[in-house]
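Here the structure is laid out as structure tokens; the discussion comes afterwards.
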Amino acid sequence: MARITASVYTSHVPAIGAALDQGKTGEPYWQKVFSGYEFSKAWLRENTPDVIFLVYNDHATAFSLEMIPTFAIGCATEFKPADEGWGPRPVPVVQGHPELAAHIAQSVIQDDFDLTIVNRMDVDHGLTVPLSLMCGQPQAWPCPVIPFAVNVVQYPAPSGRRCFNLGRAIRKAVESYDAPLKVQVWGTGGMSHQLQGPRAGLINRAFDNAFLDRLIADPAGLSQMPHIDYVREAGSEGIELVMWLIARGAMSDEFDNKAPKVAHRFYHVPASNTAVGHLILENQ
Ligand code: DHB
Ligand code: FE
């Protein structure tokens, strides 16, 4: 049977993609950001899964205000990098895993979560920047990726509690897939940031670090936090953090009580307008 081996959590920032694509990673400003991912790139080379289930948000790129799926699972064979206004990023096309994606859709929808099936979709910085941070600049991404888009752009966004329970349903789905695949679940977006309005530029280090602590040690409790607390403490775009609870809900300790191993933890301010947080948790 397939199994979930680890979860990875990381912020996404379009300027990080631009820094990589334009060869600026050695500049002092960016060097500090990328230093937090040196361990992670080596770790991923050592621990390459068969499939990455990548939870992210689309930023009104593939979707628009015309159609707003709360949860959308990418079932296509491939996903092209999106043009977000400056041309597509010069990164590899994402290869999907249609069989596992269809199996997860079947299992999770029968488990009462409403997913939108997506058979064609371009993927924006929400998906490609985490891949770049973890993989560098390869000719091809190291394994197939199932994109899983969550609406955190237009209210109502799903609650942290629903995201956490969805993660549990995804674990059940993966573990009922009849092939010995190693699967990682990645939760992306966040940490504190606000891109508009009078509080634009907001960063909250205390909140972010407490979020990381609780994500590791008390995810079920953390999942009860209401939206208003994310927005008040972490800024309007801090709501992206609910996506991390999907990856956390898919970890084994929710079922066998064995705490995951914290393989890596990193926090840095600033990257563009965002606090960058990053965690790697391994199932024991
Ligand atoms: C920034 C952060 C985001 O999450 C995003 O989607 C766009 C921009 C930023 O920090 O500039
Ligand atoms: Fe974002």
Side-chain angles (χ1 to χ4, degrees), residues 8-22 24-25 27 29-34 36-37 54-65 68-72 74 79 81-89 91 94 121-134 147-158 160 163 186-205 207-208 211-212 227 230-231 233-247 266-279:
V8 172
Y9 308 81
T10 178
S11 307
H12 65 231
V13 184
I16 289 177
L20 266 159
D21 301 342
Q22 296 169 16
K24 294 183 179 166
T25 55
E27 291 182 3
Y29 180 92
W30 289 115
Q31 212 277 324
K32 296 193 188 88
V33 177
F34 289 108
Y37 292 83
L54 205 159
V55 180
Y56 77 109
N57 70 294
D58 177 81
H59 298 75
T61 308
F63 305 122
S64 69
L65 292 184
I68 309 169
T70 302
F71 300 117
F79 305 88
D83 184 347
E84 297 180 62
W86 299 271
R89 288 192 61 213
V91 293
V94 173
M121 175 168 70
D122 291 350
V123 285
D124 75 8
H125 70 271
L127 184 129
T128 63
V129 166
L131 281 173
S132 293
L133 281 167
M134 292 295 297
F148 190 86
V150 179
N151 168 43
V152 288
V153 167
Q154 174 67 44
Y155 282 90
C163 288
W186 292 13
T188 65
M191 297 202 87
S192 58
H193 63 303
Q194 171 144 346
L195 301 177
Q196 70 256 301
R199 296 202 310 162
L202 177 144
I203 297 286
N204 187 341
R205 290 168 195 262
F207 173 89
D208 288 339
F211 188 93
L212 293 172
H227 281 157
Y230 286 87
V231 176
E233 300 292 333
S236 52
E237 276 64 48
I239 194 72
E240 289 179 345
L241 283 168
V242 294
M243 295 184 288
W244 295 32
L245 287 162
I246 297 179
F266 174 68
Y267 183 74
H268 175 74
V269 177
S272 190
N273 304 292
T274 311
V276 169
H278 175 37
L279 270 183

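Whatever order the structure lists ligands and atoms in, that order sets their numbers, starting from 1. Here the structure is a predicted model, which means the values were calculated and not measured.
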*Please report which non-hydrogen protein atom sits nearest to atom 5 (C) of ligand 1, along with the residue it belongs to and the distance in Å to one decimal place.*
His125 NE2, 3.6 Å

_Quick test: of every protein heavy atom, which one is nearest to atom 2 (C) of ligand 1, and how far off is it to 0.1 Å?_
Thr274 OG1, 3.3 Å

*If hydrogens are left out, which of Ser272, Gly189, Ala275 has an atom nearest to atom 11 (O) of ligand 1, that is, the closest non-hydrogen atom?*
Ser272

*For atom 3 (C) of ligand 1, which of His193, Gln194, Glu237 has the closest heavy atom?*
His193

*With a cut-off of 2.8 Å, does His125 place any N/O/S atom under that distance from the Fe ion (ligand 2)?*
no

*Geometric class of the Tyr9/Trp244 ring pair [parallel <30°, tilted 30-60°, perpendicular >60°]*: tilted

*Check the angle between the aromatic planes of Phe266 and His268 and answer parallel, tilted or perpendicular using the 30° and 60° thresholds.*
parallel

*asked:* Under a 4.0 angstrom heavy-atom cut-off, which atoms of ligand 1 come close to Asn273?
replied: 9 (C), 10 (O), 11 (O)

_Residue Val13 vicinity, atoms of ligand 1 by number, heavy atom under 4.0 Å_ = 9 (C), 10 (O)

*Is a side-chain donor-acceptor pair under 3.5 Å present for Glu84 with His59?*
no

_Can you tell me which N/O/S atom of Glu240 has the shortest distance to the Fe ion (ligand 2)?_
OE2

_Please name the atom of His59, limited to N, O or S, that comes nearest to the Fe ion (ligand 2)._
NE2

Rounded to the nearest 0.5 Å, what separation is found between the [atom1] atom of [X] and the [atom2] atom of [Y]?
X: Thr188; Y: Leu54; atom1: OG1; atom2: CG; answer: 5.5 Å
X: Thr128; Y: Asp122; atom1: OG1; atom2: CG; answer: 11.0 Å
X: Leu202; Y: Gln194; atom1: CG; atom2: CD; answer: 6.0 Å

*Please lay out, stage by stage, how Leu241 and Phe207 fare under the test side-chain contact (heavy atoms from CB on, under 4.5 Å).*
CA-CA 12 Å; Leu241 283 168; Phe207 173 89; 3.9 Å; yes

*Among the heavy atoms of Pro14, does any lie under 4.0 Å from an atom of ligand 1?*
yes

